[in-house]
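Worksheet for the structure shown next.
Please read all numbers here as calculations on a predicted model, not as lab measurements. Note: hydrogens, waters and symmetry copies are ignored here, and every other heavy atom, side chains too, is used.
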Amino acid sequence: MDAEAIKRSLEGSGLRCTPQRYAVMAFLMEHNRHPTAAEIFEAVNRVDPRSSRATTYNNLRDLVQAGLVREVAVEGRAARFDAKGMRHHHFICDRCGNVEDIEWYDVPRPASGSLDKRILRECELIFRGLCAKCAPRRASRQLS
């Protein structure tokens, strides 16, 4: 995504395109490894030392609320952030905490009666297990 497209996406979501917010969004668009807020802050701060930790975290919150960025909760670890525009699910490794994208497929919605008075916004799946790097290590340990 080029600079103008990032600016349009921010403004189209009702957010001002500040240098710090632009830097956070640009970093997320360039890196699909699902960084933590601390990793984003460190990367953005290397480019523009004027950006504070609080500003970075507030920009992430605003981007999530605007629907431009997804926050991926990882049990027992720092949340990860994802700005990949296409819908997709996630796989989270139990051992190393790596978050990977899984191709999207429609998830059946629960029966309306089971939701009671809840209003469903979206359904997504999070798969959990061992990633391709960690799975062979477990298999080799079980053989010994």
Side-chain angles (χ1 to χ4, degrees), residues 1-111 114-115 118-144:
M1 184 180 276
D2 67 9
E4 278 305 309
I6 292 172
K7 185 176 178 182
R8 281 193 308 273
S9 70
L10 290 170
E11 291 172 349
S13 296
L15 297 173
R16 284 187 24 235
C17 185
T18 64
Q20 295 86 357
R21 188 171 288 142
Y22 175 87
V24 169
M25 190 67 185
F27 177 80
L28 285 168
M29 295 304 296
E30 293 170 14
H31 299 86
N32 60 359
R33 58 180 179 80
H34 305 87
T36 64
E39 292 168 338
I40 295 165
F41 166 71
E42 290 168 12
V44 167
N45 203 4
R46 277 193 295 271
V47 175
D48 182 4
R50 297 173 300 164
S51 189
S52 71
R53 186 176 303 272
T55 298
T56 301
Y57 283 57
N58 289 336
N59 280 322
L60 282 167
R61 181 201 61 221
D62 294 344
L63 291 167
V64 168
Q65 289 175 347
L68 295 173
V69 170
R70 288 169 58 191
E71 183 174 358
V72 182
V74 181
E75 291 175 17
R77 298 175 191 250
R80 304 287 183 138
F81 294 88
D82 183 6
K84 188 173 177 182
M86 300 178 318
R87 292 173 68 177
H88 59 279
H89 302 292
H90 289 104
F91 179 93
I92 301 173
C93 181
D94 292 334
R95 179 170 290 143
C96 69
N98 187 43
V99 178
E100 301 171 7
D101 293 341
I102 301 287
E103 186 176 327
W104 178 265
Y105 60 89
D106 288 332
V107 177
R109 291 185 173 271
S114 69
L115 292 174
R118 298 176 190 92
I119 299 172
L120 184 64
R121 182 175 43 85
E122 69 179 337
C123 291
E124 78 173 90
L125 294 178
I126 296 178
F127 298 89
R128 297 180 187 277
L130 296 176
C131 69
K133 289 180 186 174
C134 293
R137 286 189 275 168
R138 180 174 183 186
S140 66
R141 265 195 237 139
Q142 289 177 339
L143 295 174
S144 354

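Considering every non-hydrogen atom in both Ser51 and Thr56, the closest pair reads OG-OG1, 3.4 Å. In this structure, Phe41 and Ser52 approach most closely via the heavy-atom pair CE1-C, 3.4 Å. Across every non-hydrogen atom of Pro35 and Ile40, the tightest pair is CG-CG1, 3.7 Å. Across every non-hydrogen atom of Ala43 and Phe27, the tightest pair is CB-CE1, 3.3 Å. Here the closest heavy-atom approach between residue Cys131 and residue Glu100 is recorded as CB-OE2, 3.5 Å. Residues Ile92 and Val72 share a closest heavy-atom pair of CD1-CG1, 4.1 Å.
Proximity of His89 to Trp104: side-chain heavy atoms (C-beta onward) are separated by under 4.5 Å at one or more points. Between Leu63 and Leu10 the shortest side-chain heavy-atom distance falls below 4.5 Å. Contact annotation: the side chain of Val69 approaches that of Met25 to within less than 4.5 Å [non-hydrogen atoms, C-beta and beyond]. For the pair Lys133 and Cys96, the minimum side-chain heavy-atom distance is 4.5 Å or more. Leu60 has its side chain within reach of Leu28: a pair of non-hydrogen atoms, C-beta onward, lies under 4.5 Å apart. Between Leu15 and Arg21, the closest side-chain pair of non-hydrogen atoms falls below 4.5 Å. Residues Arg61 and Glu71 have side chains not in contact (no heavy-atom distance under 4.5 Å, counting atoms from C-beta outward).
Rounding to the nearest 0.5 Å places OG of Ser13 at 12.5 Å from CZ of Arg8. Expressed to the nearest 0.5 Å, how far CZ of Arg70 lies from CZ of Arg80 amounts to 15.0 Å. A distance of 11.0 Å separates CD in Gln20 from CG in Asn58, rounded to the nearest 0.5 Å.
For His88, the side-chain hydrogen bond (donor to acceptor under 3.5 Å, both in side chains) test picks out Asp82, His90, Asp101, with sequence neighbours left out.
Within 6.0 Å of CZ on Arg33 lie more than 12 heavy atoms contributed by other residues, nucleotides or ligands.
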